[in-house]
Amino acid sequence: SAVISQKPSRDICQRGTSLTIQCQVDSQVTMMFWYRQQPGQSLTLIATANQGSEATYESGFVIDKFPISRPNLTFSTLTVSNMSPEDSSIYLCSVEEGGPTGQASGANVLTFGAGSRLTVL
Amino acid sequence: TQLLEQSPQFLSIQEGENLTVYCNSSSVFSSLQWYRQEPGEGPVLLVTVVTGGEVKKLKRLTFQFGDARKDSSLHITAAQPGDTGLYLCAGSETSYDKVIFGPGTSLSVIP
């Protein structure tokens, strides 16, 4: 399965600033996904990033707040803009690939990076 | 709107005990996945189930997909401290739909 590297692994930021999270995959992938995991909660999809086109955002997330770049098939960035304490979360990058049953099964299996833990003061 | 519910939300047990975690939905899913997430890490895939009624075993873990493909369970036999973590079920209605995650079950196994 793919190996995903995310950085920074954690950061403490001041209110009103912006932070860019980088995601590097060791193989070429069509789609990359950005998730948010708020403290003690599950994962919420922010957006899907395809190379060569604008990211597709889920309800409740907008490009001005979470701009995404996808310059090639192995790399993506997520920026959290004009941060507030409510943005304190773990941000996770993931890719979709065949799992134990293989892609032929149609199973949407995800591999994740270790996440970027963001604390906004 | 697709929703996945999990129960229990929190579970604290002694080493050696058995436990079952449930994942339920009112929607039919083409497949369901179970992930385990440890602190400071991203979720890691444990298993995928795709056929209604399917049972899969992974050492001390047994996964079942409901006949109607609306629910799944994870049973752990003789839990060990290394099983501690957040267990997430996830799935999509079709292979073209986005993956949604349940709220998770936080398991703590006390030595």
Undergrad: Got a sec: does the CD of Glu58(A) have more than 12 other heavy atoms crowding it under 6.0 Å?
TA: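 Yes, the 6.0 Å shell around CD holds more than 12 heavy atoms from other groups.
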Undergrad: So which atom in Gly42(B) and which in Leu92(A) form the shortest heavy-atom distance, rounded to 0.1 Å?
TA: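 For Gly42(B) versus Leu92(A), the nearest heavy atoms are CA-CD2, 3.8 Å.
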Undergrad: Tell me the closest heavy-atom pair linking Ser42(A) and Phe101(B), and the distance in Å.
TA: OG-CB, 3.4 Å
Undergrad: Determine, using the 4.5 Å side-chain heavy-atom cutoff (strictly less than), whether Val80(A) and Ile63(A) are members of one ILVMFWY cluster.
TA: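 Linked, Val80(A) and Ile63(A) end up in one cluster.
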Undergrad: For Gln37(B), is it the side chain, the backbone, both or neither that has a heavy atom under 4.5 Å from a heavy atom of chain A?
TA: side chain
Undergrad: Hey, does Leu86(B) have a side-chain heavy atom less than 4.5 Å from the side chain of Gln37(A)?
TA: yes
Undergrad: List the residues meeting ring-ring contact (aromatic ring centres under 6.0 Å, His included) with Tyr22(B), not counting sequence neighbours, and say none if there are none.
TA: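 Partners of Tyr22(B) under the ring-ring contact (aromatic ring centres under 6.0 Å, His included) test: none.
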Undergrad: For chain A, find which of Gly104(B), Pro103(B), Pro43(B) contributes the most heavy-atom pairs closer than 4.5 angstrom.
TA: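 Sorted descending by pairs with chain A, the first entry is Pro43(B).
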Undergrad: If you count heavy-atom pairs within less than 4.5 Å of chain B, which of Thr111(A), Leu110(A), Thr48(A), Leu45(A) leads?
TA: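 Top option by heavy-atom pairs under 4.5 Å: Leu110(A).
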Undergrad: For the CZ atom on Arg36(B), are there more than 12 heavy atoms of other groups (residues, nucleotides or ligands in this structure) within a distance under 6.0 Å?
TA: yes
Undergrad: A quick test of your reading: do over 12 heavy atoms of other residues, nucleotides or ligands sit less than 6.0 Å from CD of Glu5(B)?
TA: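 12 or below, so no.
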Undergrad: Evaluate the side-chain contact (heavy atoms from CB on, under 4.5 Å) criterion for residues Val99(B) and Phe33(A): first the C-alpha distance (whole Å), next the side-chain angles of each, then the deciding distance (0.1 Å), finally the verdict.
TA: CA-CA 10 Å; Val99(B) 175; Phe33(A) 305 92; over 6 Å; no
Undergrad: Could you list the donor-acceptor pairs under 3.5 angstrom formed between side-chain atoms of residues 8-18 of chain A and any protein atom two or more places apart in sequence or on another chain?
TA:
residue  : atom : partner  : partner atom : Å
Thr17(A) : OG1  : Gln14(A) : O            : 2.7
Ser18(A) : OG   : Asn82(A) : N            : 3.3

Undergrad: Quick check on Leu32(B) against chain A: is it the side chain, the backbone, both or neither that has a heavy atom closer than 4.5 Å?
TA: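 Neither part.
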